[in-house]
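Every chain is numbered from 1, with letters handed out A, B, ... down the list of sequences. This one's a predicted model, so the numbers in the text were calculated from it and none came from an experiment.
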Amino acid sequence: MPKTLLHAEWYLTHDVLSAAKNLLGMILRSEIDGHVCEGIIVETEAYRGADDRGCHSYGNKITERNRTMFDIGGSVYVYICYGIHPMLNVVIGNSGVADAVLIRAVEPIQGLKIMMERRDIDSENRLKTTSGPGNLANAFGINKLYDGDKFFDPSSPIQIFSNGIKPSSIYEGHRVGMSARIGTCAFRPWRFYIEGNVWVSNPKHIDYTQKTKFSKLCNI
DNA sequence: AAGAGGATGAACT
DNA sequence: GTTCATCCTCTTG
């Protein structure tokens, strides 16, 4: 099946959780500094503005940093984490809804060489090239300058394509880097990845594998 | 004006 | 498993 640019409507007709799951298997593409990079999205996390204490826009509060989250679905939200790491997010929902999907890892399918150069990675460590949100954004040449762009714009340097492929098995677990201070939101099973994919990031986190456990720990 | 904390990543033991 | 470099953003006073 040929890949097709994901149309603007898609980002408005999915809630942030189904969007995070359905983005798995789709293709992220950047054309930056004359280099085309493409990768299959293999790991995502959902963030929901209205009631999610792990989200920048919790309580639908607008700040200088997060204002793009309130923009229309299909917008590119990039912010800098820990002062140095760019994070690439897909804004979901109508204008005024501050939901977004963080892309945490992709499997490279085009431009691996330039990606490894950008990251200063040797062949021995190639699996680290696009694993982890900061790493993949750097590999694709993405930085804060692209905040506010549109994934669905045919002339956009950063785009998402659907290719009709559905992942066979999707892991659902809690998100990475959530502090205990945010309470039960930290345990929401809003991290998704393609089971068994070697490009998925492998950060430190408690591995709750039973969904029954989640339901006791959080109210979605 | 100052301090706390962070949607990380790398390098350790 | 652990620590820590690094600096931006938000909150508070």
Side-chain angles (χ1 to χ4, degrees), chain A residues 16-17 19-21 23-24 28 41-71 75-93 97-106 115-116 118-148 158 171-193 198-208 214 217-218 220:
Chain A
V16 71
L17 292 176
K21 280 182 262 195
L23 280 169
L24 295 175
L28 175 70
I41 297 169
V42 299
E43 180 180 358
T44 60
E45 283 178 358
Y47 290 86
R48 191 163 70 190
D51 65 347
D52 177 11
R53 292 187 65 196
C55 181
H56 290 158
S57 51
Y58 171 59
N60 289 328
K61 190 150 63 174
I62 302 178
T63 66
E64 176 73 16
R65 174 177 63 171
N66 73 14
R67 60 154 216 91
T68 303
M69 293 187 79
F70 293 82
D71 210 340
S75 296
V76 177
Y77 173 45
V78 180
Y79 74 94
I80 303 300
C81 185
Y82 291 94
I84 44 180
H85 309 293
M87 301 283 123
L88 175 65
N89 293 259
V90 183
V91 176
I92 300 296
V97 176
D99 297 352
V101 175
L102 172 68
I103 302 180
R104 290 192 54 88
V106 308
M115 289 193 256
M116 290 172 69
R118 281 174 173 148
R119 297 253 304 107
D120 193 23
I121 292 269
D122 55 28
S123 55
E124 189 183 342
N125 293 305
R126 57 196 283 278
L127 287 178
K128 296 180 181 174
T129 308
T130 54
S131 178
N135 287 343
L136 93 84
N138 283 325
F140 275 66
I142 293 166
N143 57 52
K144 203 168 172 8
L145 295 175
Y146 298 93
D147 182 55
I158 308 172
Y171 170 96
E172 305 186 10
H174 71 79
R175 296 171 295 185
V176 179
M178 295 291 102
S179 163
R181 69 177 41 253
I182 72 169
T184 56
C185 286
F187 298 102
R188 286 177 169 176
W190 289 4
R191 178 194 187 201
F192 309 99
Y193 60 75
V198 295
W199 297 86
V200 169
S201 69
N202 185 28
K204 53 178 186 262
H205 72 286
I206 309 163
D207 188 10
Y208 292 107
F214 283 122
L217 286 164
C218 69
I220 298 171

Just the rounded figure in Å: distance from P of B/dA7 to CD1 of A/I182.
8 Å

Separation of B/dG6 C1' from A/M87 CE (nearest whole Å):
10 Å

When the aromatic ring centroids of A/Y79 and A/H56 are compared, is their separation below 6.0 Å?
yes

Qualifying residue for salt bridge (Lys or Arg N to Asp or Glu O under 4.0 Å) with A/E45, from A/R175, A/R104, A/R188, A/K21
A/R104

State whether A/R119 places a side-chain N or O below 4.0 Å from either non-bridging phosphate oxygen (OP1 or OP2) of B/dA10.
yes

When you match A/S179 and A/G134 each to their closest nucleotide on DNA chain B, which lands nearer the 5' end?
A/S179

Rounded to the nearest angstrom, tell me the gap between atom OH in A/Y79 and atom P in C/dT6.
20 Å

Looking at every non-hydrogen atom in both residues, tell me the closest pair between A/A100 and A/M69 and how far apart they are.
CB-CE, 3.8 Å

Report the distance from atom CG of A/D120 to atom P of B/dA10, rounded to the nearest whole Å.
11 Å

Find the partner of B/dA7: check Watson-Crick (N1-N3 plus N6-O4 or O6-N4) and G-U wobble (N1-O2, O6-N3) distances, both under 3.5 Å, and reply none if neither fits.
none

Counter-base of C/dT6, judged by Watson-Crick or G-U geometry with both distances under 3.5 Å:
none

Rounding to a whole Å, what distance do you find between A/L136:CG and B/dT8:P?
12 Å

What does the B/S/- profile of nucleotides 7-13 of chain C look like, 5' to 3', with a 4.0 Å heavy-atom cutoff to protein?
BSSSS--

Closest contact, heavy atoms only, A/T130 versus A/W199
OG1-CE3, 3.6 Å

Identify the heavy atoms of A/A105 and A/S131 that sit nearest to each other, and give their distance.
CB-CA, 4.2 Å

Got more than 12 heavy atoms from elsewhere within 6.0 Å of NZ, A/K61?
no

Is the distance from OP1 or OP2 of B/dA7 to the nearest side-chain N or O of A/R191 less than 4.0 Å?
no

Does A/G132 reach a base, just sugar-phosphate, or nothing at all? Heavy atoms under 4.0 Å.
sugar-phosphate

Please report the distance, rounded to the nearest Å, between CG in A/L127 and C1' in B/dG9.
16 Å

If you look at every strand shown and take non-hydrogen atoms under 4.0 Å, does A/R53 touch a base, only sugar-phosphate, or nothing?
nothing

Only one of A/N89, A/V91, A/V90 forms a side-chain contact (heavy atoms from CB on, under 4.5 Å) with A/S75, so which one is it?
A/V91

Mind checking if A/N135 touches a base, just sugar-phosphate, or nothing, with heavy atoms under 4.0 Å?
sugar-phosphate

Could you tell me how far apart A/R181 (CZ) and B/dA4 (C1') are, to the nearest whole angstrom?
8 Å

Which nucleotide wins on minimum distance to the side chain of A/V176, given the candidates B/dG9, B/dT8, B/dA7?
B/dT8

Whole-Å distance separating the OH atom of A/Y58 from the P atom of B/dG6
15 Å

